[in-house]
Amino acid sequence: MLEIILFLLISVILPIILIMISSFNRKLTANSYLLLSGLLIVFIINYLLFGNSVNSIIGIASLYLLIVASTILMGTKGGVITSIVILPVLIWAEFGIREIGYHLSFFLFISLVSGCLNSMVRDKIESIIELNMGLSNQIKELRVLREISAILQGTLELDKVLQIILSAVTAGYGLEFNRAILFLIDDEDDNMLTGKIGIGPLDQQEGLQTWQNVAKDKINLEGMIAVQEQLELSDKKLNDIIQNLSFKLDKEHIATRVIRNKETYNIKVMDPDDKFECTLAAELAMEAFAIVPLIVKGRAIGVLVVDNIANKREITYKSIDSLLPFANQAALAIQNAKLHKLKEDMAVKDNLTGIYNQRHFQTSLQQEIEFAKEREASLALLMMDIDYFKAYNDNNGHPAGNEALKQLSKILEDNTRDNDVVCRFGGEEFAIILPNVFSDVAYAIAERIRSKVADSYFKNQETQPNGNVTISVGIGIFPDDAGTDRELLNVADEALYYAKSSGRNNVKLYQEYLGSIKESS
């Protein structure tokens with residue numbers, strides 16, 4: 001009884017210790033050899049303790065335990081090899097030929113049966129693991145989609161929407177691609193595909209230094225968006241390149257096929273004859289990429305390009321399949337953001353010219369004056385209208401007059417700063433708010449605009465009294481000429497009427513108007 005207890009302790013405790021040691025080694029083959037070696041040690045210890053009792057029940061049990069363990073660890077092949085290896089042990093223990101054949105047959109039978117069972121169990125375990133991994137990935141994708149939806153509900157700004165979507169498919173979160181880039185069909189020219197935004201490294205070195213750290217942290221989506229803001233300088237370099245890329249969709253290249261066929265492509269080798277692929281390779285150091293269409297209600301509005309420039313991991317069709325739900329949500333979110341922007345523009349922009357309307361002008365003028373008061377800064381207001389515009393309409397028709405208004409609006413936008421507010425005040429009258437500008441600078445800007453208009457060609461301008469289309473400009477300055485928005489608008493208007501009464505096609509400051517009044521009195 002004592003021998004049996006001692007045998008069980010040695011046969012159970014030692015393997016458990018070996019299993020615990022092997023758990024630190026992630027290689028399955030190394031674990032198998034380690035455990036098998038341990039069982040051999042168990043067998044030797046048993047033999048040393050129990051002497052020549054190998055032909056006893058305990059000894060035979062040790063041999064059969066060794067065969068079963070070998071088969072479990074190494075498969076049928078391992079069991080057969082072990083059976084052959086321990087054949088000398090049976091001979092050494094002075095078994096008869098009949099007994100040796102009897103035990104060897106059982107060893108081989110056990111190896112075959114255990115091996116088959118082991119193979120079945122392993123296959124089942126592997127299928128369960130694969131299924132669990134698939135479910136885990138699906139759960140992860142659903143979680144990311146849910147978080148994207150929640151975050152997207154907080155904004156309808158197109159740039160923010162694009163950043164959120166790309167953050168969800170790049171390193172550290174979501175699908176963990178190294179880089180993602182969006183190209184959208186131009187709103188004004190549906191034959192042009194233009195680069196809009198990209199997130200990720202410019203090259204492999206930058207990717208390994210920055211993006212692998214992001215991936216290691218496994219931050220959530222909100223954290224990823226915050227990281228994008230920290231990496232703004234890097235992304236700015238990337239986006240400077242992307243936003244200068246455009247491709248005609250009437251030319252044959254991979255993006256055209258994606259848009260036309262609404263199909264996903266996985267490009268593993270760049271085609272030297274494909275303009276889209278060659279451009280990405282030259283400008284962004286791409287060696288391989290996947291390109292997915294963005295589809296809304298059966299219409300492609302752009303493409304999403306992903307690659308793994310940092311870790312060079314192969315893009316599989318399985319990973320592309322997981323990307324499709326993101327692409328669908330991206331397309332819908334982009335379309336919603338565009339519609340929202342269109343509605344906003346309709347509320348604050350002039351339908352004909354596309355510049356701000358009078359409603360936005362009134363609000364902006366109030367705000368800019370408040371800002372100027374807080375900063376103790378100056379502000380200029382330019383009021384202008386087209387000289388003899390009624391004559392232009394009468395001679396050329398209202399459609400031509402509308403084209404003239406649009407052309408003038410373009411000139412005004414091209415000759416002002418980004419923070420200046422250009423508005424159509426009504427009819428042929430326009431207004432420009434110039435923050436942080438004194439009278440001399442305001443006059444120089446107004447004179448430049450007036451000169452540009454006079455030098456530009458307008459259709460049938462020869463019919464005008466002056467032989468060309470011109471404008472008159474009046475300037476009011478805050479706080480020198482007025483203290484409120486209403487007062488500033490009035491003084492700029494008075495300066496404008498003074499300009500028109502002084503022969504048109506000129507620029508007048510309100511102070512000049514006041515000077516003329518003093519002279520006449």
Side-chain angles (χ1 to χ4, degrees), residues 153-161 187 336-386 389 402 405-439 441-443 445-446 448-450 453 471-497 499 507-510 513:
Q153 288 177 5
T155 180
L156 280 171
E157 295 180 20
L158 182 58
D159 290 344
K160 192 68 174 178
V161 166
D187 292 331
N336 288 339
K338 284 186 173 182
L339 291 174
H340 177 73
K341 187 175 185 302
L342 180 61
K343 290 180 180 178
E344 283 191 332
D345 288 348
M346 290 176 65
V348 299
K349 289 193 174 181
D350 178 59
N351 292 333
L352 175 65
T353 61
I355 62 175
Y356 290 116
N357 57 22
Q358 184 178 147
R359 175 183 176 184
H360 183 76
F361 165 78
Q362 299 287 1
T363 303
S364 297
L365 186 59
Q366 293 175 6
Q367 292 175 346
E368 291 297 340
I369 287 180
E370 290 301 318
F371 292 155
K373 287 179 179 178
E374 292 174 4
R375 297 189 299 263
E376 296 183 354
S378 182
L379 178 147
L381 173 61
L382 276 56
M383 295 296 296
M384 62 192 73
D385 71 4
I386 302 176
F389 187 66
N402 289 340
L405 292 172
K406 289 193 283 187
Q407 185 176 344
L408 174 59
S409 300
K410 183 70 168 54
I411 294 173
L412 299 182
E413 285 188 313
D414 290 344
N415 288 275
T416 49
R417 303 167 299 177
D418 290 340
N419 62 328
D420 296 334
V421 184
V422 180
C423 309
R424 184 185 179 193
F425 193 75
E428 72 274 22
E429 195 168 6
F430 293 80
I432 302 177
I433 304 171
L434 303 175
N436 200 30
V437 165
F438 293 98
S439 59
V441 176
Y443 187 90
I445 293 173
R448 182 178 72 239
I449 292 172
R450 184 207 62 77
V453 173
I471 59 172
S472 299
V473 185
I475 303 174
I477 304 296
F478 171 88
D480 297 347
D481 300 330
T484 67
D485 56 313
R486 287 183 177 275
E487 291 175 359
L488 185 61
L489 180 59
N490 288 336
V491 298
D493 257 335
E494 289 178 345
L496 170 60
Y497 286 116
V507 177
K508 295 296 183 182
L509 292 163
Y510 179 68
Y513 167 68

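Across all non-hydrogen atoms, the minimal contact from S439 to I477 is CA-CD1, 3.8 Å. Closest heavy-atom contact between A482 and L488: CB-N, 3.3 Å. Contact detail for N357 and H360: the closest heavy-atom pair is OD1-N, 2.9 Å. Nearest approach of M383 to A431, heavy atoms of both residues: SD-CB, 3.5 Å. Contact between A377 and N436 at its shortest, heavy atoms only, is CB-OD1, 3.7 Å. For I355 against C423, the heavy-atom pair with the smallest separation is CD1-C, 3.6 Å.
Residues D420 and P435 meet the side-chain proximity criterion, which asks for heavy atoms closer than 4.5 Å. No side-chain heavy atom of I445 sits less than 4.5 Å from a side-chain heavy atom of N415. When side chains are defined from C-beta on, I432 does not count as touching V473, because their heavy atoms never get closer than 4.5 Å. Residues E368 and D485 form no side-chain contact, since every pair of their non-hydrogen atoms from C-beta on lies 4.5 Å or further apart. V453 is not listed as a side-chain neighbour of M384, based on a closest heavy-atom distance of 4.5 Å or more. The closest side-chain heavy-atom distance from V437 to R417 is below 4.5 Å.
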Worked verdict on Y356 versus T363 for side chain to side chain contact (heavy atoms under 4.5 Å, CB included): CA-CA 11 Å; Y356 290 116; T363 303; over 6 Å; no
E428 and L405: CA distance, side-chain angles, deciding distance, side chain to side chain contact (heavy atoms under 4.5 Å, CB included) verdict: CA-CA 7 Å; E428 72 274 22; L405 292 172; 4.3 Å; yes
Working for side chain to side chain contact (heavy atoms under 4.5 Å, CB included), residues R450 and L382: CA-CA 11 Å; R450 184 207 62 77; L382 276 56; over 6 Å; no
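The distance from atom CD of Q407 to atom CD1 of I386, rounded to the nearest 0.5 Å, is 9.5 Å. The distance from atom CD1 of I475 to atom NZ of K508, rounded to the nearest 0.5 Å, is 11.0 Å. One distance of note links CZ of R486 with CD of Q366; it measures 8.0 Å at 0.5 Å rounding. Here CG of L365 is found 11.0 Å from CD of Q358. Values are rounded to the nearest 0.5 Å. I369 contributes atom CD1, which lies 11.0 Å from atom OG of S364 (distance to the nearest 0.5 angstrom).
When the options V422, L408, D350 are evaluated for a side-chain contact (heavy atoms from CB on, under 4.5 Å) with F430, the one that passes is L408. Put simply, the residue from V507, D385, I449, I411 that forms a side-chain contact (heavy atoms from CB on, under 4.5 Å) with I471 is I449.
Around atom NZ of K373, more than 12 heavy atoms belonging to other residues, nucleotides or ligands sit under 6.0 Å away. Residue R375 qualifies as enclosed at atom CZ: its count of foreign heavy atoms under 6.0 Å is above 12. For R448, the CZ atom counts as densely surrounded, since its 6.0 Å shell holds more than 12 non-hydrogen atoms of other residues, nucleotides or ligands.
Relative ring orientation between Y513 and Y510 is described as tilted, the plane-to-plane angle lying within the 30° to 60° band.
In this structure a side-chain-to-backbone donor-acceptor pair under 3.5 Å is present from S378 to F478.
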